[in-house]
Amino acid sequence: MIPVLSLLAFLGLILFINRRQLGVSTMADYATANHSIGVLGITFGFLATWYVGAGYTVFSGFAVSFGMIGMYVIPYGIVTLLVMYLVAEKTFIWGKKYQLRTQSELLGLRYRSDFIRVLTGFAGVALSVPWLLMEWYTIGYVFNYATEGFISPLLGMIIGIFVVVFYVAMGGMRSVVTANIVQGLYMMIVGSAVLIYVLYSELGGLSAAMDRLFYEAPGAMTFPGPGWDVSPNYWTAIIITSGLGGFMWPWVYNKLFAADSIRTIKQSVLFAPVLGILSFALLFILSMALHPLPFAQENPEEALFWAHAQAGVWPLAFFAVLVMAASLGTVSGILNAMSTAISGDIAQVINRKINEKTALLIARWSVVVMSIGALVGAYLKEGQLVFLALMTYQGMIVLSPVVLLGLYWRRANKFGAVAGFLLGMVVSFGLTLTEPEFIQTYGWTPGVYGFLTTLLIMLVAGYLRPVESHVDTLWQDIASARSRATESAFATQGSQAS
Amino acid sequence: MSATNMHTRRRSALFITLILATTFLTTFPPVFLWANTIDPRWLGLPFAMVWHIGLALLASVFFAAWYLLESRSGLLDLQVEVEAER
């Protein structure tokens, strides 16, 4: 009873703190909160969206089974944050100047191409679907486990959907970020505390747990883990793929358009790695420490829930809320990004006559329709969700050259971007589906080949064609903003000196 | 290109290199395999894990230094004029 009451109380809290954010009346406010979010919102918005609920089931199960390899998340997180730091300035300047709302709209502006806008908007929506389904399923699973089967996964999903759809559709980005702050604070403070408690109460503390692992399964303390023979290139490949792809998700990237300043975004990069390293390391240390236990070996994805249930009803309740918080954070971000893309990047591009009021209505109804569709998909296709979700990273990394070269290389052009993106996707998903032998032999994941294909095509196309005329104007926007800022800084320093 | 811009570019290149160096040390197979050992252990954690956490924390220090230098130069207080309202 205590776990389910805790879950319901948390959902109630999310609705309560959002009660003043539900009157969003413009599409700009719905999509970007009118560029008004400060450092707390961007930091926790980023962390709560990035941390998926499945991290405490599927991905922790990976660490329970194979040990240290789960730590790939930490170096990959650093690469993702470097990407965030690098794209921040231009995304913010162009985003604010041209009132952009989405990553696809940014790419449409940079390459002056509606086709790229629709293509990347569609790809972002399509690749996000498996994650939405998987997180819906996780929400249902949490309710089912926490109530010892009393609430079915389907009913759990319906309860979760009702809450998320309500605050995302009514409050847009403002509601999403407000909820993310609560979810993120819970995950970092209460979540970390309960993980530490279980580590000490059930496994005797860090040293004792690691000693047990050392004597009973030392193979789990190094790469690749017990019973797995894989090339070391695989480690490199999953870090590169996830690191470059990690910030390309529209539901993560779009948070940049909500920031009130570049300072806010860059401050978030300072806090996020420290918070992320501490909480992820804790999660994976506990998962690794469970490796020698027979129940955990046989049920790796259930292992963390089981360990918390062994520690008592309150640890289970806190842990169930932790997983729920992570899932809600991701789901709300995905729904906001997908509905904005459907309305702004697809509907408004196909039919220019759609006004802002209708666009907002389309976005809101998209949230409802997608949620119901995802509910059906999650319920029917549960067994294949993890495979599908992991496969999408092989597609997301292909987008990274289009974004990074677009922001940093004047010669990058729309022909290279379109051809590179499409062929990179074909290579990446072709290799994923056909699984040729060299993938296993050399250890490089299909996304790496797709990424190199896109990069090569964009570089060749960039040198074959002259720099597009509109690019100078965009670069001039950046130069003007910088020169105004440095002049202002010199003036301030001068006045302080005198 | 102005001297300020050149200075900004060099500073960015330096920090990108430093942060990527930490990633290189955690991912480049020969180095990664060298660190992929259990001993010496710290608080019971294998060296492989300490290596990755330590380098990630070092990268965080580089991010902090980069931010502080950019903040001092005024580049984080950009004023952007809105082109056109929708």
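Just so it is clear, the values below take in all heavy atoms, side chains as well, and ignore hydrogens, waters and symmetry mates. Here is the naming used below: chain letters follow the sequence lines, and residue numbers restart at 1 for every chain.
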Query raised in the report: Would A:Thr236 and A:Asn233 count as having a side-chain donor-acceptor pair, cut-off 3.5 Å?
Result: no
Query raised in the report: Picking from B:Thr8, B:Ile38, B:Thr37, which has the most non-hydrogen pairs under 4.5 angstrom with chain A?
Result: B:Ile38
Query - Under 4.5 Å from a heavy atom of chain B, the part of A:Met221 involved - result: both
Report summary line: If one checks every heavy atom of A:Tyr85 against chain B at 4.5 Å, the contacting part turns out to be side chain
Report task. Select one option (side chain, backbone, both, neither) describing which atoms of A:Gln267 are under 4.5 Å from chain B's heavy atoms. Result -> both
Query raised in the report: B:Phe28 vs B:Phe24 aromatic rings, parallel, tilted or perpendicular, using cut-offs 30° and 60°?
Result: parallel
Report task. Would you mind reporting whether A:Leu256 and A:Phe92 have side-chain heavy atoms less than 4.5 Å apart? Result -> no
Query - Closest-packed option against chain A by number of heavy-atom pairs under 4.5 Å, given B:Ile16, B:Leu20, B:Thr27 - result: B:Thr27
Report task. Could you check whether the rings of B:Phe15 and B:Trp66 sit parallel, tilted or perpendicular, using 30° and 60° as the cut-offs? Result -> parallel
Query raised in the report: Ion pair present between B:Arg11 and B:Glu70, side-chain N to carboxylate O less than 4.0 angstrom?
Result: no
Query raised in the report: Parallel, tilted or perpendicular: which describes the rings of B:Phe32 and B:His52, with under 30° parallel and over 60° perpendicular?
Result: tilted
Query raised in the report: With the threshold set at 4.0 Å, does a side-chain nitrogen-carboxylate oxygen contact exist between A:Asp211 and B:Arg41?
Result: yes
Query raised in the report: Considering only heavy atoms, which portion of A:Ile240 lies under 4.5 Å from any heavy atom of chain B: side chain, backbone, both, or neither?
Result: neither
**Report entry** Sidechain N-carboxylate O distance under 4.0 Å for A:Asp472, A:Arg410
**Finding:** yes
Query raised in the report: B:Ala64 versus chain A, heavy atoms under 4.5 Å apart: side chain, backbone, both or neither?
Result: both
**Report entry** Greatest number of heavy atom pairs closer than 4.5 Å to chain B - which of A:Leu206, A:Ile74, A:Thr264
**Finding:** A:Leu206
Report summary line: Max heavy-atom pairs within cutoff under 4.5 Å with chain A, candidates B:Leu45, B:Thr22, B:Leu33, B:Thr23, goes to B:Leu45
Requested in this report: Examine whether an atom of A:Ile239 lies under 4.5 Å from a heavy atom of chain B, and if so say whether it belongs to the side chain, the backbone or both; otherwise answer neither.
Outcome: side chain
Report task. Side chain from CB out, backbone as N, CA, C, O: work out which of these in A:Met288 comes under 4.5 Å of a heavy atom of chain B, or both, or neither. Result -> side chain
